[in-house]
Amino acid sequence: MIQTIAFYLFAALTIASAAATILSRNPVHAVLFLILAFFNAAGLMVLTGAEFIAMLLVIVYVGAVAVLFLFVVMMLDIDFAELRAGFVKNFPLGLLVAVVLLAEMVLGIGAYKSGGLVLGTADGTNAAPAGTTNIEAIGALMYSRYLFLFEAAGLILLVAMIGAIVLTHRQRGDTRGQKISKQIARRPDEATVNVKPEVGKGVQL
Amino acid sequence: MTAFFQTLGMSYEWAWFVATVCGILLIALPLMLAVAMIIYVDRKIWAAMALRRGPNVVGPFGLLQSFADGLKVFLQETIIPSAANKGLFLIAPVVTFTLALLSWAVIPFNSGAFVSNINIGLLYILAISSLGVYGTIMAGWASNSKYPFFSAMRASAQMISYEVSIGFILITVVLWAGTFNMNDIVWAQKGHVLGIINGFAANPLLFPMWVMFLISSLAETQRAPFDLAEAESELVAGYQTEYSSMAFAAYWLGEYANVLLMCALNATLFWGGWLPPLDIPVLYLVPGFIWFLIKVFGFFFVFSWIKATVPRYRYDQLMRLGWKVFLPVSLLFVVLVSGYLMATGHFQ
């Protein structure tokens with residue numbers, strides 16, 4: 001019974017916050033509702049027994065990606081009138097994307113209902129590994145059967161990261177970097193001079 | 001505890017429900033009391049190191065100071081700035097306070113004493129601590145004022161930066177323990193070094209990781225020397241500037257509950273949690289939760305000590321430490337630890 005209550009709570013909140021994401025007028029509110037939707041989706045995943053994916057969703061999307069979203073939205077000075085001006089022009093395109101997404105979801109659910117998905121285990125058999133936790137099961141698959149795909153994904157991410165750094169990094173000639181090791185190595189006798197100036201005469205620096 | 005309530009004639013589900021609620025209260029109420037006392041202890045230690053007396057008027061030795069402060073704050077008027085985003089402004093402290101309590105669900109206080117013994121306990125803690133940013137960032141934005149906003153920017157960048165290296169540090173612990181379950185991580189530390197010392201921190205490969213974890217936990221909870229988000233000389237009181245009465249108190253309680261949580265994590269992950277420091281039968285006569293509390297409060301003393309003695313970092317130094325020192329070193333240690341474990345056949 002508690003699971004049923006939890007399911008309906010999470011599901012209702014996911015849908016409500018997803019709707020609020022689109023409908024809210026303030027972009028910061030929209031992002032916060034999006035985060036609430038992510039969080040409730042994670043709750044749904046915990047209920048289905050996919051706790052590892054749920055935690056990853058929270059750590060990666062809610063904890064990192066959405067924070068960057070929020071940063072960008074907070075910093076931008078968004079003009080609402082300008083945003084709404086393009087509504088009629090972009091409406092057909094938006095409708096098209098929505099229809100394509102709907103069709104994909106229907107196809108996906110149809111394939112799942114007809115038993116078309118083969119969720120394999122490490123040795124290629126179809127049985128769910130008994131007595132293993134989520135992490136062990138995923139790890140056993142990822143580092144054996146899907147090892148090359150996994151490594152390829154890692155390489156793509158590395159390329160994306162280097163690309164982002166190269167694109168945004170610009171060298172300015174006039175910056176003076178701080179060399180911590182040099183600062184720590186400095187001793188009082190190199191840094192200070194003790195002078196006894198005569199009366200009425202200044203100090204030569 | 002579920003079994004006990006079942007003997008009272010409840011069905012399993014109701015017994016589970018009541019037992020869980022009791023477990024939550026058993027942790028949350030003493031925790032709030034501990035937070036009140038720890039604020040007092042923090043002020044006393046800080047005063048002692050500055051050769052002052054600290055709070056000494058309310059109650060014997062000033063012991064009731066925190067409660068007096070609490071009462072004062074409770075009776076204050078809640079002021080909401082007219083330009084603030086009202087809803088978010090009020091939700092933000094609630095978020096901080098709630099998240100500070102949530103992580104305690106998986107901390108083992110003794111063998112078998114926890115609210116929830118989930119097999120992804122450590123990931124759960126990472127997930128909750130990565131949510132902690134929102135309380136700060138929402139407060140900063142909703143206040144609609146310069147200093148809170150600057151502070152929120154600083155705080156969130158700081159927390160995200162240090163979470164990266166904390167993630168890698170925790171991976172080395174998980175590699176050695178072979179599990180994400182907090183209680184099993186404690187068990188994995190039994191007789192870890194030379195068969196007699198309980199605790200990963202005594203391991204030469206993991207000791208540097210513990211030092212980095214301690215520093216990162218200071219940064220993660222925004223304690224001195226990393227308290228840039230509330231640097232009073234630059235930002236008034238940071239993201240809390242516009243808050244008053246209970247909303248302000250919620251931030252304080254949440255902050256100290258987070259500090260205690262980080263102390264508990266240091267104890268649980270690196271110093272053997274509720275195990276005694278040495279694996280000698282005599283020491284097991286002392287109940288586990290007493291060892292645990294000794295370790296937690298020991299770490300809290302270290303936190304206060306650092307607060308009283310170390311000057312504040314500059315922002316660029318903080319970022320340099322996180323990204324240019326901790327990240328590569330922790331990555332290197334992930335490679336070293338996993339290489340060592342593979343070479344010695346630990347995984348077989």
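Heavy-atom basis, side chains included; hydrogens, waters and symmetry copies ignored. Chain A is the first sequence line, chain B the second, and so forth, proteins listed ahead of strands; every chain is numbered from 1. From a predicted model like this one, the values you see are computed outputs, not experimental measurements.
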Atom [atom1] of [X] and atom [atom2] of [Y]: how far apart are they, to the nearest 0.5 Å?
| X | Y | atom1 | atom2 | answer |
| --- | --- | --- | --- | --- |
| A/I59 | B/L123 | CD1 | CG | 5.0 Å |
| A/I180 | B/R320 | CD1 | CZ | 4.0 Å |
| A/N26 | B/N85 | CG | CG | 6.0 Å |
| B/I125 | A/M55 | CD1 | CE | 11.0 Å |

> Non-hydrogen atoms of chain A under 4.5 Å away: do they reach the side chain of B/L88, the backbone, both or neither?
Replying inline: side chain

>> For B/M159, which atoms come within 4.5 Å of any heavy atom of chain A: side chain, backbone, both, or neither?
In response: neither

> Side chain, backbone, both or neither: which part of A/I35 has an atom under 4.5 Å from a heavy atom of chain B?
Replying inline: side chain

Closest approach of [X] to [Y] (non-hydrogen atoms, all atoms of both residues):
| X | Y | result |
| --- | --- | --- |
| B/I160 | A/V67 | CD1-CG1, 3.3 Å |
| A/M74 | B/I137 | CE-O, 3.7 Å |
| B/Y134 | A/A66 | OH-CB, 3.3 Å |
| B/A157 | A/F71 | N-CZ, 4.3 Å |

> Between B/V133 and A/L70, does a side chain to side chain contact (heavy atoms under 4.5 Å, CB included) hold up when you go through it step by step?
Replying inline: CA-CA 11 Å; B/V133 178; A/L70 204 55; over 6 Å; no

In this structure, are over 12 heavy atoms from other groups packed under 6.0 Å from [X] atom [atom1]?
| X | atom1 | value |
| --- | --- | --- |
| B/F89 | CZ | yes |
| A/Q183 | CD | yes |
| A/F38 | CZ | yes |
| B/F149 | CZ | yes |
| B/F17 | CZ | no |

> Taking B/G132, B/G167, B/G87, B/S130 one by one, which has the highest count of heavy-atom pairs under 4.5 Å against chain A?
Replying inline: B/S130

>> side chain to side chain contact (heavy atoms under 4.5 Å, CB included) for B/I118 and A/E51? Distances and angles first, verdict last.
In response: CA-CA 9 Å; B/I118 50 179; A/E51 69 265 7; over 6 Å; no

